[in-house]
Amino acid sequence: MARHVGGTKVESGYYVNTRSFAVVTLPVDGPLPGGEGDRFVRVPWPLLMLAAPVVGGAFVIAYPIFGFSMMVLGLAKKVAGVASQGAEELAATLAPGHAVGEAHLTGKRGEAPKPGEGPAPRDPEVEDLEKEIRERREGK
């Protein structure tokens with residue numbers, strides 16, 4: 001089987017585009033449709049008549065498979081989208097609120113300090129200084 005480029009003058013007959021598998025029928029001698037990028041192969045009509053039912057049968061078998069697989073893929077994407085949206089909402093409700101200036105490494109509120117921890121012993125000089133500041137503010 002000879003190969004021909006689109007636009008070349010050929011004899012009448014049946015030609016198949018090797019890229020799109022489109023069948024072109026030329027009733028009289030003339031140029032093939034397309035341009036330089038299109039390649040055609042001349043096919044004898046008996047071979048074309050034998051290939052038509054095979055290609056049609058493959059289409060009949062493959063079309064429902066493609067349809068069902070696309071439906072399953074679409075449903076899977078919907079379910080995954082709903083699940084991810086629910087997970088995002090759950091994570092947003094469980095995440096701790098952010099409070100500016102709050103220290104999160106000092107334990108929980110209302111938790112008693114463990115022995116040996118807690119505030120450092122107060123210096124008597126600092127207590128005297130605090131008392132003096134309080135007295136000055138009150139105007140005594």
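- Closest non-hydrogen pair, E36 versus V5, comes out as O-CG1, 3.5 Å.
- Here K78 contributes atom NZ and L73 contributes atom CG; the two are 12.5 Å apart, rounded to the nearest 0.5 Å.
- There is a path of hydrophobic side-chain contacts, each under 4.5 Å, that joins F40 to V10.
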task: I would like to know whether L32 and L26 meet side-chain contact (heavy atoms from CB on, under 4.5 Å); could you show each step before the answer?
output: CA-CA 8 Å; L32 286 168; L26 292 178; 3.7 Å; yes
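- A donor-acceptor pair under 3.5 Å links the side-chain atoms of R42 to the main chain of S12, judged by distance alone.
- For the pair T8 (side chain) and H4 (backbone), a donor-acceptor distance under 3.5 Å is absent.
- For the residue pair D38 and G34, the shortest heavy atom distance occurs at OD2-CA, 3.0 Å.
- For the side-chain contact (heavy atoms from CB on, under 4.5 Å) with V16, the lone residue among L47, V43, V24 that qualifies is V43.
- Residue L75 is not grouped with residue V82 when hydrophobic side chains (ILVMFWY) are merged at heavy-atom distances under 4.5 angstrom, including chains of intermediate members.
- The side-chain heavy atoms of K131 and E127, taken from C-beta on, include no pair separated by under 4.5 Å.
- Taking each heavy atom of G7 and P31 in turn, the nearest pair found is O-CB, 3.8 Å.
- Interatomic distance, OG1 of T25 versus CG of L48, reported as 7.5 Å (0.5 Å rounding).
- The ring-ring contact (aromatic ring centres under 6.0 Å, His included) contacts involving residues 56-76 comprise F59-Y63, where partners must be two or more places apart or lie in separate chains.
- Between D29 and E11, the shortest heavy-atom distance links the atoms OD1-CA, 3.2 Å.
- A salt bridge between E138 and R134 is absent, with no side-chain N of the basic residue lying under 4.0 Å from a carboxylate O of the acidic one.
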